[in-house]
Every structure is written in C-alpha cells, then in structure tokens.
Student: 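Let me give you the structure first, and then I'll get to my questions.
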Amino acid sequence: MTLFSSFSSYSANFQTIAGLYFHTTQTFYFENTIFECFEPSLMAKEIKKIGVLTSGGDAPGMNAAVRAVVRASIYYGIEVYGIYRGYDGLINDKMEELHVRSVSNILSRGGTFLLSARSEAFRTKEGRAKAYENFKARELDALVVIGGDGSFTGADIFSQEYDVPVIGIPGTIDNDLAGTDYTIGFDTACNTAREAIDKIRDTASSHDRLFFIEVMGRDAGFIAVNSAIGGGAVAMIVPEHNWSIDQLIKRLRKGAANQKASNVVIIAEGCKLGNAYDVAAKVKEQLDYFDIRVTVLGHLQRGGSPTTMDRVLASRLGVAAVEGLRDGQSKVMVGVINNRITYTPIGEAIKTVKRLDDDEFRIAKILSI
Ligand code: F6P
C-alpha cells in the first residue's frame, strides 16, 4: 500500500512537471498487492473543464455519482458543469457550474437532481451537432455520462463524431451492462423489490395464495434473480431463459405436494411467456385449486434512498471517472470487476451481453423445495 501510494504520487508529480498525461496500461503484482502501471500518453489533452449529465431511466445513487464527480473534479482543480435533463440540456445549453456545496445533502437522495431524459433529439445528427456547438462554446474538455446502454450508445456516437473525450458511469437499475459487476441503482432496486416480496408473502401465507410478482429489468433478469433468491420465491422467470409453463407447473405442483405454506413466483418484465398477468392466466388454466393474485411493482423500484452499496459504488465510480479522464482515458465506461476499478471501451460495454449466473438458478432450485 505504501509503495502504491508513493508510486501514485510519483506519477502525479511527473504529470505536472513534464506536462504529460498518463493512462493505465499494465497491472503488476508485488507482495500480493496489485499495482497499476501508468504510462505517458502524448495524445491526451489536459482536462480543465468537464460537463456531467444523467441520462435515461433514473437510478438510486445517481446523485451520489454526480457528487463524487463534482468533488473529485474540484479536488483535482478541474471546473465542473452540471448539464440538466441529460443530452437535451447539452443541446439546449441548460447547464451551470457546480461547486463543492452544490452537491451537499444529495448523497442520500434517490432520483437525480440534474434531471434525466431519453433524448430523441440527440439521436439525430442535427441534435448532436447542436450539442457539440454548446460543448465548444462552453469550452468543455470532456463529458461524463451517467446512465445505461441507451445513454452510452449516444455517448459513443458523439465521441466518435466529434472526437470528444467521454467517460461513462453505469447508472441503471437493470444491471445489464458488461464491464462492471454491478451498476448504480441495482442494489437499491433489488432491496426495494425484496422488501415488497416480504410484505406480499405475509398476506400470501395468511390466505394460502399464489402470487405472481412482476419486477423491472427491461430485457434482463438480474433484478428478478436477486430479488427471487433474497425473497425466497418458488420460481423465477427471466427473459434470458426459455422456461415453459409446464416447467413452472411442475415446480408449483412439487411445492404443493411438499405442503409449501405460500408461493411467490417472480416474473421479470420482457419474458417470452408474457407479463405476470399472462403467466398467471396460463397457470390458472391448469392449476385451478390455487387462489392467484398478481402484483406489478413497476416504477416503485426506481425510487428511494440508495443503499450503502450503491452509495459506495457511485462514489468509487465517480472518482475513478475523473481520475480516468486525467489519465487520458476516453470512450470508456468505468466499472468495478472483482472489486477493482476497470475501464472498458464503451462500444464493448454496450455490445457485450452480460450473462446471468447459472449457479444462481441452481441455488434457487435447490432452495425452492
Ligand atoms: O432501464 C430502467 C427501466 O426502469 C427498465 O427496468 C424499464 O423497462 C424501463 O426503464 C422503464 O422505462 P420508463 O421509465 O421510460 O417507463
């Protein structure tokens, strides 16, 4: 650790003296400690002013990420502008300088104080040209985009069209981005869903009912898997798998034969079998002895104060985004893999399909008897 600190500060000093910029290129090990090796990049331009925006579906912890970007920037002597309502704010020049105190008391708040949007205008060449005009007029050197894959697709195109340094911070409850083990907001959403499942179970077991609970995730089953295991569901149906109604019926029959007190089935939105109401209707056709109810959790999962996990993740990623830009990183998404900060090319992060962990299904099956 001592060696690491002195190596880091050596890099920082060298950066100032020689006016060179560094990026992480190699990792080496010394006495069981991992060290990053910084190498100078003569290509990178000094970052003096950056813009930060939140885009796409809001996620708990986005505020914590903005706070970290703002404070880390100021710590390193970089001016930082908050851009309002995602890319629309860049197109319409809705931005203002943020200071250390501009981000006071937002760490614990859900949503995003910078507001968010899924910008239609930014999908057009004209919209991006307008955005670049404002980017230049404001003398910004780089952009930090906090969002999900749709937002990163926009960031990728923009940075290629105008050669703008861009760094992405993964903020979505869906956890569907490769290049990071977890996205900001996922843990909070899972906890919210699990808490709802716990409450529904109280009433389910009082009435001996079968509940189908639909959770969000767009076309990914991460929230479903986590909340199903955490909430003790008898089964979970996710878009990534081809579970049939017959398999579900078999699982439910087995539970009934084993005198299961209450039954909760988690359905992820985007499932091939349909939504929770469709699945419930199909099950009812074959198992008419179950008293069935359906709950769709919906946007409830997007709100609320971020968990400690999400606050810490957002804080780490926000600082790493600013440090990455200083080190010459661009067109990358910052993430955490095996508890280490990583930078993945944005294109790779959005194109690579993040797989669910098969072992979690095995565990869920074992525990559902
Ligand atoms: O991407 C986050 C998410 O909440 C998805 O889980 C969901 O499918 C979608 O956004 C809902 O989008 P909107 O808020 O635009 O209805």
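Atoms within a ligand are numbered from 1 in the order they appear, just like the ligands themselves. Position 1 is the first residue of the sequence, and the numbers go up from there. Hydrogens, waters and symmetry mates play no part in the numbers below; they use all other heavy atoms, side chains included.
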Student: If you apply the rule ring-ring contact (aromatic ring centres under 6.0 Å, His included), what do you find for F158 with F122, and how did you get there?
Tutor: CA-CA 9 Å; F158 186 60; F122 200 70; 5.4 Å; yes
Student: Ring-plane angle category for F113 and Y84, please: parallel below 30°, perpendicular beyond 60°, tilted otherwise.
Tutor: perpendicular
Student: Under a 4.0 angstrom heavy-atom cut-off, which atoms of ligand 1 come close to R218?
Tutor: 1 (O), 5 (C), 6 (O), 8 (O)
Student: In the protein, what heavy atom is nearest to atom 4 (O) of ligand 1, and what distance, to one decimal place, separates them?
Tutor: R302 NH1, 2.8 Å
Student: Can you run down the ring pair (Phe, Tyr, Trp, His ring centres under 6.0 Å) pairs that involve residues 249-291, sequence neighbours left out, and say none if there aren't any?
Tutor: none
Student: Measure the distance from atom 2 (C) of ligand 1 to every protein heavy atom, then report the residue, atom name and distance (to 0.1 Å) of the closest one.
Tutor: D174 OD2, 3.3 Å
Student: If I take atom CZ from residue R316 and atom CZ from residue R340, how far apart are they, to the nearest 0.5 angstrom?
Tutor: 9.0 Å
Student: By the rule that ILVMFWY residues connect when side-chain heavy atoms come within less than 4.5 angstrom, directly or transitively, which residues belong alongside V312?
Tutor: none
Student: Considering only heavy atoms of M216, which atoms of ligand 1 have at least one such atom less than 4.0 Å away?
Tutor: 4 (O), 6 (O)
Student: Can you check which of R118, E269, Q301 brings a heavy atom nearest to atom 7 (C) of ligand 1?
Tutor: E269
Student: With a 4.0 Å cut-off on heavy atoms, is G217 touching ligand 1?
Tutor: yes
Student: Taking only Lys NZ, Arg NE, NH1 and NH2, and the carboxylate oxygens of Asp or Glu, determine whether D359 and R362 approach each other closer than 4.0 Å.
Tutor: yes
Student: Counting non-hydrogen protein atoms only, what is the nearest one to atom 16 (O) of ligand 1? Give residue, atom name and distance.
Tutor: H299 NE2, 3.3 Å
